[in-house]
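Each remark here refers to the structure printed beneath this line.
Lettering follows sequence order; numbering is per chain, from 1.
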Protein chains: 2
Amino acid sequence: MNDVPVTIKDVARELGVAHSTVSRAIHNDPRISAETRSRVLAMAEKMGYRPNAAARGLVCRRMQAIGLVIPAVADSFFGQITDGVDRVTYDAGFSLSLYVTHGELRRELDVLSRLSERRVDGLILMVRRLPRKLLLSLAEQPIPIVFVEPQVVGLGFDCVRVDNRDGERQAVRHLLELGHRRIAFISGPKDSRESRERLAGYREALLTAGVTPDPQLVLPGEYTEAAGAAAAQRVLEMPAEQRPTALVAFNDRIAIGAMSALQQAGLEIPRDMSLVGYDDILPATYVRPQLTTVHQPIEEMGAAAARLLIDRLSRRRGPRANRNGQEVLLRAALVQRQSTAPPGADRLGGFVGQGQGEEVIHSIS
Amino acid sequence: MNDVPVTIKDVARELGVAHSTVSRAIHNDPRISAETRSRVLAMAEKMGYRPNAAARGLVCRRMQAIGLVIPAVADSFFGQITDGVDRVTYDAGFSLSLYVTHGELRRELDVLSRLSERRVDGLILMVRRLPRKLLLSLAEQPIPIVFVEPQVVGLGFDCVRVDNRDGERQAVRHLLELGHRRIAFISGPKDSRESRERLAGYREALLTAGVTPDPQLVLPGEYTEAAGAAAAQRVLEMPAEQRPTALVAFNDRIAIGAMSALQQAGLEIPRDMSLVGYDDILPATYVRPQLTTVHQPIEEMGAAAARLLIDRLSRRRGPRANRNGQEVLLRAALVQRQSTAPPGADRLGGFVGQGQGEEVIHSIS
DNA sequence: ATGAAAGCGCTAACAA
DNA sequence: TTGTTAGCGCTTTCAT
């Protein structure tokens with residue numbers, strides 16, 4: 001194989017034409033004669049010519065690459081997001097750069113400061129929480145940025161969101177319909193917008209059903225199984241009359257951790273405690289009982305973000321790259337599996353410990 | 001914020017120096033005076049100068065980027081590999097491009113053909129099976145390629161491998177020690193080198209223990225839970241006297257699928273069937289009973305590959321980039337959890353259905 | 001210690 | 001329809 005890469009000039013020389021002719025032929029410039037074009041293309045093919053991305057990027061000011069900024073990859077949720085992004089970017093001929101932040105602000109800032117190295121033409125951003133000030137300066141960037149699940153509503157960025165409030169409402173309604181009244185919420189980090197939205201949905205569903213939310217039943221959490229286990233521990237320590245009969249968790253990892261801890265303590269799920277997750281990550285069906293959870297279209301979230309970005313790249317560039325953003329709003333939907341049942345019942349079909357609730361609640365679509 | 005990025009020339013003009021001076025100051029060229037250097041650095045900082053990656057890449061012929069070619073991301077195993085790669089590449093100041101192949105040869109070829117676009121300085125490659133011919137041509141490439149888990153021993157590439165044979169041997173030995181004699185192997189794709197190596201370990205362990213391997217007990221598989229479920233189905237259809245008392249699976253996903261199917265059919269694990277996985281992916285502890293499996297240092301595999309690549313990038317370049325490769329060999333180790341027990345016993349401590357085996361087997365370190 | 005100038009591989013404006 | 005030329009932003013000789 002050739003050692004040194006073939007350039008446009010090599011092809012031109014071989015053919016006795018100007019290198020600009022080769023460039024034009026490659027770009028299907030309409031002014032080039034059909035015959036020349038095919039001669040050029042054939043020779044380029046024969047010599048194994050491939051365009052040099054750096055050179056192209058330098059003059060065109062775009063690298064045909066997009067960046068994905070994400071807290072983790074070895075996490076099913078983010079892995080699926082990445083898959084969705086990749087699918088769309090690959091089909092559109094972009095290459096994909098990965099920036100894993102591990103949720104650290106330092107890393108996030110680092111990525112953003114590298115923005116002007118222009119390695120990528122646009123960014124898909126999943127960050128925990130950026131200082132407002134930074135956010136505003138980001139809006140001025142000439143390169144488009146798409147947020148996934150954001151704190152950025154109203155700032156002009158493109159973004160894709162899922163209706164968290166509605167999703168959690170569905171989860172809680174389901175439990176209410178099963179007859180639960182004491183339902184605890186294991187939250188995510190308090191500074192997370194998603195968590196606040198889901199908490200709002202939880203409270204709303206309770207209030208609608210005439211149940212007064214008990215602040216004691218809102219447990220602090222994080223994103224991990226360990227946080228779920230810790231929260232479960234706290235639940236187990238509650239006096240019997242205070243103890244909830246059902247738990248809704250900010251996400252599946254928390255729910256899975258809680259399930260594990262609860263089972264360890266000898267409880268049987270769902271008989272002794274109902275459990276609802278959020279996300280519907282792949283492992284949600286691994287656990288026993290399989291986790292009832294709120295399904296998010298995870299891959300589609302990534303794909304939608306990528307589409308938004310590529311779409312914008314093909315039109316608006318420069319100073320107004322982050323104005324008048326579109327918002328894609330996706331819906332979440334409850335998936336009933338095996339981790340919920342009426343209080344005291346073995347499975348959904350089992351005996352019902354309490355009545356069906358004081359009032360009719362919307363049926364879940 | 002500034003609309004158009006600041007260049008080296010802007011900084012130079014502002015300072016009334018030549019742009020080459022700025023370049024030198026930035027690169028800590030020893031010939032530059034300490035004073036000039038600090039003035040330049042300060043001004044660059046003040047103006048928000050960031051080097052343009054494309055321009056640099058064009059003249060230096062390297063992009064400070066490496067590519068990771070991987071079958072999937074939303075798969076715990078590959079996600080962890082990616083994490084390991086990212087950790088090392090990030091620390092070394094490289095950016096990471098992701099190429100997800102979904103195990104399709106088309107995609108793999110596509111990536112390789114883009115090699116000469118020089119977007120990346122080197123490649124970490126995880127592929128199912130490349131035609132020998134292509135492999136050899138790859139070896140001639142001027143850019144270094146590191147294989148993870150390869151079919152490439154002896155071809156000169158850098159590569160990182162795990163001792164599959166030994167790993168599977170440990171798994172089977174464990175089952176033999178528990179008293180199992182009829183042990184089935186659910187394989188991966190037959191053209192996979194890993195699968196063949198693990199199969200060899202399986203047979204070796206059996207033979208060492210004086211058990212004749214039964215070809216009937218080698219079940220075809222794939223990488224997925226579905227394949228595991230299908231294999232389990234086949235096992236369930238076997239007449240009682242032929243049916244194995246334990247299953248070792250090519251990987252955890254298969255084992256998890258099999259566990260699920262077996263439980264669905266009313267078997268209790270490990271009482272009615274012992275189960276051993278391979279990989280020790282995160283979800284291995286999600287299932288009940290928790291999966292006994294062969295732990296691979298997954299993240300470290302990725303990290304080691306990245307180190308190998310970056311190491312090579314800092315020395316050998318050009319035509320001999322893929323000669324005299326180093327091989328990093330990592331070890332796997334059995335992790336006993338809850339999915340294995342003596343035949344007929346509830347847990348490891350339970351009663352033993354059969355004697356402890358005809359001969360002493362190495363203890364497992 | 002610094003400036004001037006060439007050139008990396010490519011696209012695009014300007015000529016012809 | 002094609003050739004010539006001028007950069008893109010940077011590093012790196014070669015002068016000075």
Side-chain angles (χ1 to χ4, degrees), chain A residues 2-41 43-44 47-65 114 116-119 121 142 317-318, chain B residues 2-41 43-44 47-65 114 116-119 121 142 317-318:
Chain A
N2 269 328
D3 191 67
V4 42
V6 181
T7 75
I8 211 177
K9 279 190 179 167
D10 298 325
V11 178
R13 188 174 337 103
E14 202 71 20
L15 248 35
V17 300
H19 70 276
S20 52
T21 301
V22 175
S23 173
R24 287 190 193 105
I26 285 166
H27 288 277
N28 282 313
D29 189 310
R31 302 172 308 191
I32 225 81
S33 84
E35 198 229 321
T36 317
R37 179 179 4 263
S38 57
R39 275 179 60 223
V40 169
L41 261 30
M43 180 56 82
M47 300 178 70
Y49 168 78
R50 299 252 81 210
N52 178 311
R56 244 186 206 176
L58 183 55
V59 23
C60 299
R61 309 177 127 64
R62 36 206 197 81
M63 294 296 276
Q64 290 288 95
R114 280 170 199 226
S116 30
E117 290 183 10
R118 313 209 141 251
R119 285 179 182 282
D121 305 332
R317 333 194 96 277
Chain B
N2 269 330
D3 190 69
V4 40
V6 182
T7 76
I8 211 176
K9 278 189 181 169
D10 299 324
V11 178
R13 188 173 337 103
E14 203 71 20
L15 249 35
V17 299
H19 71 273
S20 49
T21 302
V22 175
S23 174
R24 287 196 271 256
I26 286 166
H27 288 276
N28 284 313
D29 189 308
R31 302 171 311 190
I32 227 80
S33 83
E35 198 229 323
T36 316
R37 176 175 12 260
S38 58
R39 275 179 61 224
V40 169
L41 260 30
M43 180 56 81
M47 299 178 70
Y49 168 78
R50 298 251 84 209
N52 178 311
R56 244 185 206 177
L58 183 55
V59 23
C60 299
R61 310 178 125 64
R62 37 203 196 82
M63 294 296 277
Q64 290 288 98
R114 279 169 199 229
S116 30
E117 291 183 9
R118 315 210 139 250
R119 284 180 183 281
D121 305 331
R317 332 193 99 278

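Mapping L58(B) and V17(B) onto DNA chain C by nearest heavy atom places V17(B) closer to the 5' end of the strand. Each of R37(B) and V59(B) was matched to the nucleotide of DNA chain C holding its nearest heavy atom; the match closer to the 5' end belongs to R37(B).
Taking every heavy atom of residues 18-34 of chain A and every atom of DNA chain C, pairs under 4.0 Å involve H19(A), S20(A), S23(A), R24(A), H27(A), by number. Using a 4.0 Å cut-off on heavy atoms, none of the residues of residues 49-57 of chain A approach DNA chain D.
Taking CD from E117(A) and CZ from R50(B), the interatomic distance works out to 5.0 Å, rounded to the nearest 0.5 Å. Put simply, OG1 on T7(A) and CG on N52(A) are 9.5 Å apart, with the number rounded to the nearest 0.5 Å. Taken to the nearest 0.5 Å, the CZ atom of R13(B) stands 11.5 Å off from the NE2 atom of H19(B).
Boundaries of the chain A contact region on DNA chain D are dT1(D) to dG9(D), first to last in 5' to 3' order (nucleotide atom under 4.0 Å from a heavy atom).
Axis angle, first five pairs versus last five pairs of the helix from dA1(C)-dT16(D) to dA16(C)-dT1(D): 40°, rounded to 10°.
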Item to complete: Please step through side chain to side chain contact (heavy atoms under 4.5 Å, CB included) for the pair M63(A) and M63(B), ending with a clear verdict.
Response: CA-CA 12 Å; M63(A) 294 296 276; M63(B) 294 296 277; 3.4 Å; yes
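Across all non-hydrogen atoms, the minimal contact from I8(A) to Y49(A) is N-CE1, 3.5 Å. Taking each heavy atom of A25(A) and L41(A) in turn, the nearest pair found is O-CD1, 4.0 Å. Across all non-hydrogen atoms, the minimal contact from I26(B) to R56(B) is CG2-NH2, 4.1 Å.
Residues satisfying the side chain to side chain contact (heavy atoms under 4.5 Å, CB included) test with R39(A), not counting sequence neighbours, are L15(A), E35(A). By the side chain to side chain contact (heavy atoms under 4.5 Å, CB included) test, R24(B) is found to be paired with S20(B), D29(B), R31(B), I32(B), residues two or more places apart in sequence or in another chain being considered.
For the pair R61(A) and P5(B), the minimum side-chain heavy-atom distance is 4.5 Å or more. Under the 4.5 Å side-chain criterion, counting only non-hydrogen atoms from C-beta, P51(B) is not in contact with H27(B). The side-chain heavy atoms of N28(B) and R37(B), taken from C-beta on, include a pair separated by under 4.5 Å.
Rounded to whole Å, atom C1' of dT11(C) lies 13 Å from atom NZ of K9(A). Computed from coordinates, the I8(A) CD1 to dC8(C) P distance equals 14 Å when rounded to whole Å.
No side-chain donor-acceptor contact under 3.5 Å links R114(B) to the backbone of R119(B).
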